Amino acid sequence: MKKLKISAVLAVLAFSSIYAEVLPVANNAIVTVIADAIKWKSESIDVGKIPQGKPKLIRFELTNTSTKPVIIENVAPACGCTTADYTKTPILPGKKGFVEASYNAATTGSFIKTVTVTTSDSKTPKTLSFKGTVVGA
C-alpha cells in the first residue's frame, strides 16, 4: 500500500510540472490572437467644441492584424441622434477599414455618445465613444 501511495504522488508530481508550463503559455497565446485581430487607431475621440445645428462626422479607423479577412457585421449607435456608416467589404489582412458616426448637434451642452461594433473575428461587441461640447451660434 505504501508503494502505491508513493507511486501516485510521484505520478502527480511528474505530470504537474508538464501542465504547469504548457497550459499558461497556450492560454496566453489564444488571448493574444483574439485581442490582436483588430487594432483600432482610437477607441475614444474628443471632438472638442462643435457648432449647434451642424452634424459632426467622427471617423474611427481600424487595421486588420489577423491572417484572415474581417467583416464588420453590425454597427449600432446608442441613440437616434447618431447615424453610422462603415466598411461594408471584407477587410483583408493588413488592410484598413472604418466606422463613421454622424452626430446631430441639435442641443447645446456637453455630450458623450457611443457606437457598438460587432465583427466576424469576435462576437463580443466593441464600444467606441466620442465626446465634445455643442456651442450655440
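Remember, it's a predicted structure, so these values are computed and weren't measured experimentally.
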Q: Please tell me whether Ile71 and Ile91 are part of a single hydrophobic cluster in this structure, the criterion being side-chain heavy atoms less than 4.5 Å apart.
A: no
Q: Would a 4.5 Å heavy-atom cut-off, applied to side chains only, mark Phe98 and Leu62 as touching?
A: no
Q: Taking only residues two or more places apart in sequence or in another chain, which ones pass side chain to side chain contact (heavy atoms under 4.5 Å, CB included) with Thr83?
A: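 Counting only residues at least two positions away or on another chain, Thr83 forms a side chain to side chain contact (heavy atoms under 4.5 Å, CB included) with Ser102.
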Q: Could you report the tightest heavy-atom contact between Phe130 and Ala101, atom names first, then the distance?
A: CE2-CB, 3.8 Å
Q: Is there side-chain contact between Val135 and Ile50, with heavy atoms separated by less than 4.5 Å?
A: no
Q: Write out all pairs satisfying disulfide (SG to SG under 2.5 Å) with one or both partners inside residues 80-121, taking only residues at least two apart or from two chains.
A: Cys79-Cys81
Q: Could I get the full list of side chain to side chain contact (heavy atoms under 4.5 Å, CB included) partners for Pro77, not counting sequence neighbours?
A: Thr82, Ala84
Q: Do Thr127 and Val115 have side chains that approach each other closer than 4.5 Å (heavy atoms only, starting at C-beta)?
A: no
Q: Evaluate the side-chain proximity of Ile38 to Thr63: yes if any heavy-atom separation is below 4.5 Å, no if none is.
A: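 A side-chain contact is absent here, since even the closest heavy-atom pair is not under 4.5 Å.
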Q: Taking salt bridge (charged side-chain N to carboxylate O under 4.0 Å, His left out) as the cut-off, I'd like each qualifying pair that reaches into residues 65-88, sequence neighbours left out, listed once.
A: Glu73-Lys123, Asp85-Lys88
Q: May I ask you to decide whether Glu100 forms a salt bridge with Arg59, counting only side-chain N to carboxylate O separations under 4.0 Å?
A: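 Looking at Glu100 and Arg59, the cut-off is met.
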Q: Where is the tightest heavy-atom contact between Ser44 and Ser42, given as atom of each residue plus distance?
A: O-OG, 2.6 Å
Q: Are any side-chain N or O atoms of Thr87 and backbone N or O atoms of Gly97, one a donor and one an acceptor, separated by less than 3.5 Å?
A: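 No, because the side chain of Thr87 does not come within donor-acceptor range (under 3.5 Å) of the backbone of Gly97.
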Q: Go through the structure and list residues passing side chain to side chain contact (heavy atoms under 4.5 Å, CB included) with Asp46, not counting sequence neighbours.
A: Lys131
Q: Excluding sequence neighbours, so at least two apart, what forms salt bridge (Lys or Arg N to Asp or Glu O under 4.0 Å) with Lys95?
A: none
Q: Does Lys41 have any side-chain hydrogen bond (donor to acceptor under 3.5 Å, both in side chains) partners at least two apart in sequence or in another chain, and if so, which?
A: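 If we apply the side-chain hydrogen bond (donor to acceptor under 3.5 Å, both in side chains) test to Lys41, skipping adjacent residues, there are no hits.
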Q: Quick check: closest heavy atoms across Pro69 and Leu92, and the distance to 0.1 Å?
A: CG-CD2, 4.0 Å
Q: Going by side chain to side chain donor-acceptor pair (under 3.5 Å), name the pairs with one or both residues in residues 110-119, residues two or more places apart or in two chains.
A: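 Every pair satisfying side chain to side chain donor-acceptor pair (under 3.5 Å) with a residue in residues 110-119: Thr119-Asp121.
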Q: Please enumerate all residues that pass side chain to side chain contact (heavy atoms under 4.5 Å, CB included) together with Thr107, with sequence neighbours excluded.
A: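 Side chain to side chain contact (heavy atoms under 4.5 Å, CB included) list for Thr107, sorted by chain: empty.
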Q: Taking disulfide (SG to SG under 2.5 Å) as the cut-off, I'd like each qualifying pair that reaches into residues 88-137, sequence neighbours left out, listed once.
A: none
Q: For Ile112, I'd like to know if atom CD1 has over 12 heavy atoms of other residues, nucleotides or ligands within 6.0 Å.
A: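 Atom CD1 in Ile112 is not packed in, count stays at 12 or less.
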Q: Would you give the length of the straight line joining atom NZ of Lys39 to atom CD of Glu61, rounded to the nearest 0.5 angstrom?
A: 13.0 Å
Q: Taking only residues two or more places apart in sequence, or in another chain, which ones meet Phe111 in a ring pair (Phe, Tyr, Trp, His ring centres under 6.0 Å)?
A: Tyr103
Q: Quick one: side-chain hydrogen bond (donor to acceptor under 3.5 Å, both in side chains) partners of Gln52, sequence neighbours excluded?
A: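 In terms of side-chain hydrogen bond (donor to acceptor under 3.5 Å, both in side chains), with neighbours along the sequence ignored, Gln52 is linked to no residue.
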